[in-house]
Amino acid sequence: MQDILTGLNPAQKQAVEAVEGPVLILAGPGSGKTRVITHRIAYLIKVVGINPHRIMAVTFTNKAAREMETRLNLLAPSAAGRLTMGTFHAICARILRQDGLPLGVPADFVIYDDDDQQSLIKQAMAELELDPKRYPPASIRNAISQAKSQLVLPAYYFEKGRSYFEEVVGRVYELYEKRLKQNKALDFDDLLLKVVQLFKQHPEVLSRYQERYLHVMVDEFQDTNLVQYELVKMLSAKYKNICVVGDPDQSIYSWRSADLRNVFNFETDNPGAKVILLEQNYRSTKNILEAASCVIAPNSGRKPISLWTENESGQPIAVVETFNEQEEAQFVVSEIEKLTRYEKFSPGDIAILYRTNAQSRALEEAFIRYGMPYRLVSGTRFYQRREVKDIVAYLRLLQNPHDSVSLQRVINIPTRGIGAKTLSDLGQFAREQDISLYESLINLSDENAPKPPIPSRGLKPLTDFGLLLKSLITDAQNLPLLNLLDRLLEGINYREFLFASEDGEERWDNILELRTVAQQYQEIAPPEGLSAFLESVALVSDLDSLEEGVSAVTLITLHQAKGLEYPVVFMVGMEEGVLPHSRSFDDPAQMQEERRLCYVGVTRARKRLYLVRAFRRSLMGQSNVNEPSRYLKDIPQSITKGREKQPPPGQYTAASAASPVIKQHLQSAGMPVKSASPPAPKLLELEAGDKVLHPQFGEGIVTSINRVKNDAEVMISFHSVGMKRLMLSFARLTKLEN
DNA sequence: GCCTCTGGATTTTTT
DNA sequence: ATCCAGAGGC
């Protein structure tokens, strides 16, 4: 037990030893959070004597779970594999496969990702004859997902006093649920929600789990939504040993329903909760830490966490202005060149962080031009690639033939002459008979079964497809995964099909890559090998494959960078409109989140931090001049080292394209400077009473409009979120016909 | 049923 | 600038 507590600071030690009752650990960035969690688990096992089987540790990412597993193995090897450790979704999927039946969740359910979810929603909307122009499927999906994350059921939308938009959401939600059930499918939100429902409706199941888990720990608690919190509350209700670890300043996923109320209400929710602050930072230099503190300080309603470090002051923060994004990229690359050539840093020590994926483009081009190795985390994600999704859809169909979303996806892949008309006829028939699409296909080759009304010309491909599926489904029961996969690829002539398309070779390579992943499931006996594979495919992300120790510069979004650290960090695009993103301008809560995002970025850096901005930036095809990010102003000059642009080189003769420094120069020399600001945008013509659509808030009614300068303040009563005040130029409103 | 064109939108994406 | 979905033409 010596080794478990030695080397911990007093706060960490306190956190490790606080094993009784509810505990809230507020852990600043770089404060040794993972260390505390793993040591606490080791302490529970080796000192308190808890059976590892009775401990649950929940994380958000597979990567975090894996890391914890690895580190725990060093401390308490005997516990290996005996804990329940994993992501919320993985743990819930397991519970449902085992105990879902009483709730009507079949053990062989498939998991729908966001794309599948959207397909099914579109389909439901078509069935309800709802115009996707008026009710964007993405908004509806979002509304449904939000609802599910907050334990809201369709019935809520039919209560008195709901708006028409909400009623629409309710109707789609209801039908969507019905279709999910028919497809024996669950979406990501369901994995959590169904477990909560299972526990509520079947107390005997709940009490079994409650009995088992003496200790429940949750990592990244600031990212939990209401359902997730509800879940851990239920699980820990008997023994009340619930320990949550998080940092509200690093909450950047509210748009994925993360709810900070979970953190802020924890103490009132859990009387007698111990609160422990981890404030000593082991990661960054004093300068970097101070910059971080200054960035986050202006946010209101924060938990009182103030970071400190015994690390050296280090270098000043480099604040750099470049002309445009090409020059920004060039600066980054040449600076990296210097860092790796003249200093001790290697490319693997360096990361470039940005707000939006689109920003990676210019950077990549520069890296390629200079022949410098880089790795881009998640351009198009592997499991999102069309060819990979197609084959995964086939495999899902083999596990669960009722999965109509997958069936519709692959029914004409490769092209076999089954078009939209045939498909809709088939779909209508299936609905009328109340059978699945697969069953109606099978009916075609069964003499006694009712037949869908398909013109004879379209029949043959359908019948053949049905027979192909049927035989593959039998194979799925008997063949090891790789053999099954190969038989599938052969049965549909997939290689030939891909090679006939553009980028055929690359796409086939992706299939071979998928095959390599499948190889790991080869040893699991036939039907289970397939389902284990599919489950892992559904629940992994790209970040999971982010290897360490690669000798290349990492290009990564700020969101994805959470939880990572690098000796050298470049944050690019430090401009108003980029960070903070212009889409957040009209919502104070979102603006606070942008600030947290900046804070997350800054705190990724260990030794060196560069904050880079471009004077001009092309976004969506047009070039704009952006102000420096407000966050730059929050960092005191005493710890920064500015590197304003050099005097104008030849190519920057256009005054309108000059940096502010250059412009001043020109102006004082009596030269005319044309304003580089874009022309005032055309504003939407609106008046009170107009009906409008907002991409996030949905439909609303304009209650008042107040012109200011070139813009206007509009008050809008939204059906979904009530009254909001928005700036017309920023709010992406669409006018709807009254 | 397949191909081509156009219009619209384009933050972030742990599972 | 680009990507995608849906519409319309062959």
Side-chain angles (χ1 to χ4, degrees), chain A residues 58-65 86-93 111-115 117-119 122 126 131-133 136-138 142 145 149 186-192 219-220 222-225 227-228 250-258 325 353-359 361-362 377-378 380-381 383-384 386 412 415-423 455 457-458 461 535-544 546 556-564 573 577-585 587 590 593-594 596-598 600-601 617-623 695-696 732 734:
Chain A
V58 200
T59 61
F60 267 83
T61 64
N62 297 300
K63 193 167 179 288
T87 65
F88 271 105
H89 292 84
I91 291 176
C92 286
I111 300 168
Y112 278 177
D113 69 14
D114 296 7
D115 280 349
Q117 195 184 6
Q118 186 133 331
S119 308
K122 267 193 210 153
D131 179 7
K133 292 254 166 59
N142 200 35
S145 175
S149 313
L186 300 181
D187 62 29
F188 283 136
D189 299 311
D190 280 338
L191 292 175
L192 313 165
D219 189 17
E220 304 283 14
Q222 77 281 353
D223 290 334
T224 50
N225 63 32
V227 172
Q228 288 161 334
Q250 293 185 68
S251 161
I252 54 175
Y253 282 103
S254 73
W255 50 277
R256 297 277 284 190
S257 308
E325 72 268 26
L353 275 47
Y354 39 82
R355 174 71 237 260
T356 67
N357 280 309
Q359 290 172 256
R361 180 75 156 280
V377 179
S378 135
T380 327
R381 299 191 279 292
Y383 288 105
Q384 302 274 91
R386 206 171 53 229
N412 205 26
T415 356
R416 44 174 81 85
I418 303 173
K421 179 73 173 67
T422 310
L423 190 54
R457 187 162 40 92
E535 182 142 327
S536 79
V537 164
L539 301 178
V540 296
S541 79
D542 270 18
L543 218 50
D544 294 334
L546 190 77
I556 191 169
T557 65
L558 286 164
H559 281 90
Q560 291 176 316
K562 195 184 69 161
L564 305 177
V578 179
L579 183 68
H581 198 275
S582 53
R583 294 272 235 153
S584 298
F585 283 164
D587 183 338
Q590 281 197 59
E593 186 149 314
E594 295 286 324
R596 294 195 290 265
L597 201 47
C598 183
V600 166
R617 180 177 300 275
S618 297
L619 277 172
M620 295 173 213
Q622 66 169 357
S623 174
Q696 195 194 343
R732 300 215 156 186
T734 325

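Within every chain, numbering begins at 1; the chains are lettered A, B, ... in the order of the sequence lines, protein sequences first and strands thereafter. Hydrogens, waters and symmetry mates play no part in the numbers below; they use all other heavy atoms, side chains included. On a predicted model such as this, the values are computed, not experimentally measured, just so you know.
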### Task
Go through the steps to decide whether Asp131(A) and Lys122(A) satisfy the test salt bridge (charged side-chain N to carboxylate O under 4.0 Å, His left out), and finish with yes or no.
CA-CA 10 Å; Asp131(A) 179 7; Lys122(A) 267 193 210 153; over 6 Å; no

### Task
Given side-chain hydrogen bond (donor to acceptor under 3.5 Å, both in side chains), test Asp189(A) with Ser145(A) step by step and report yes or no.
CA-CA 7 Å; Asp189(A) 299 311; Ser145(A) 175; 2.9 Å; yes

### Task
Output, in order, the C-alpha distance, side-chain angles, deciding distance and verdict of salt bridge (charged side-chain N to carboxylate O under 4.0 Å, His left out) for Glu325(A) and Arg361(A).
CA-CA 10 Å; Glu325(A) 72 268 26; Arg361(A) 180 75 156 280; over 6 Å; no

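The distance from atom CZ of Arg617(A) to atom C1' of dT10(B) is 15 Å, rounded to the nearest whole Å. Regarding Lys562(A), its NZ atom lies at a distance of 13 Å from the C1' atom of dT15(B), rounded to whole Å. Rounded to an integer number of Å, the gap from Glu220(A) CD to dT15(B) C1' is 14 Å. Distance Ile91(A) CD1 to dT15(B) P: 13 Å, rounded to the nearest Å. What separates CG of Leu191(A) from P of dT14(B) is a distance of 16 Å, to the nearest Å. Spacing between atom NE2 of His89(A) and atom P of dT14(B) amounts to 12 Å, rounded to whole angstrom units. The separation between Leu539(A) atom CG and dT13(B) atom C1' is 15 Å, rounded to whole Å. Rounded to a whole Å, the CD atom of Gln222(A) is 16 Å from the P atom of dT14(B).
Distances shorter than 4.0 Å separate none of the side-chain N or O atoms of Asn225(A) from OP1 or OP2 on dT15(B). In terms of phosphate contacts, Ser618(A) brings no side-chain nitrogen or oxygen within less than 4.0 Å of OP1 or OP2 of dA1(C). Considering only side-chain N and O atoms, Asn357(A) lies under 4.0 angstrom from the phosphate OP1 or OP2 of dT12(B). Residue Gln560(A) places at least one side-chain N or O under 4.0 Å from the OP1 or OP2 atom of dT13(B).
Residue Phe188(A) places its side chain closer to dT15(B) than to any other of dT12(B), dT15(B), dT14(B).
Taking the charged nitrogens against the carboxylate oxygens, Arg256(A) and Asp114(A) do have a contact shorter than 4.0 Å, which makes a salt bridge.
Heavy-atom neighbours of Arg416(A) CZ from other residues, nucleotides or ligands within 6.0 Å: above the threshold of 12.
Asn412(A) places a side-chain N or O within donor-acceptor distance of the main-chain N or O of Gly417(A), the cut-off being under 3.5 Å. Glu594(A) places no side-chain N or O within 3.5 Å of a backbone atom of Ser584(A) that could act as its donor or acceptor partner. In terms of modelled atom types and a separation under 3.5 Å, the side chain of Arg596(A) and the main chain of Gln250(A) share no donor-acceptor contact. A donor-acceptor pair under 3.5 Å is formed between the side chain of Asn62(A) and the backbone N or O of Leu539(A).
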Taking N or O atoms only and anything under 3.5 Å, show me the protein contacts with nucleotides 2-5 of chain C, one pair per line.
residue, atom, partner, partner atom, Å
dT2(C), OP1, Arg361(A), NH2, 2.6

Which protein N or O atoms sit under 3.5 Å from an N or O of nucleotides 1-4 of chain B?
residue, atom, partner, partner atom, Å
dG1(B), OP2, Gly417(A), O, 3.4
dG1(B), OP2, Gly419(A), N, 2.8
dG1(B), OP2, Thr422(A), OG1, 2.9
dC2(B), OP2, Asn412(A), ND2, 3.1

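For Arg256(A) and dT12(B), a side-chain-to-base donor-acceptor distance below 3.5 Å is absent, hydrogens and geometry of angles not being considered.
Remark: Pro136(A) pairs with Ser139(A), Leu693(A) by the side-chain contact (heavy atoms from CB on, under 4.5 Å) rule, at least two apart or across chains.
A residue-by-residue look at Leu597(A) and Thr87(A) shows that Leu597(A) has its nearest nucleotide of DNA chain B further toward the 5' end.
By the criterion of a centre-to-centre distance under 5.5 Å and near-parallel planes under 30°, the ring of Trp255(A) forms a stack with the base of dT12(B).
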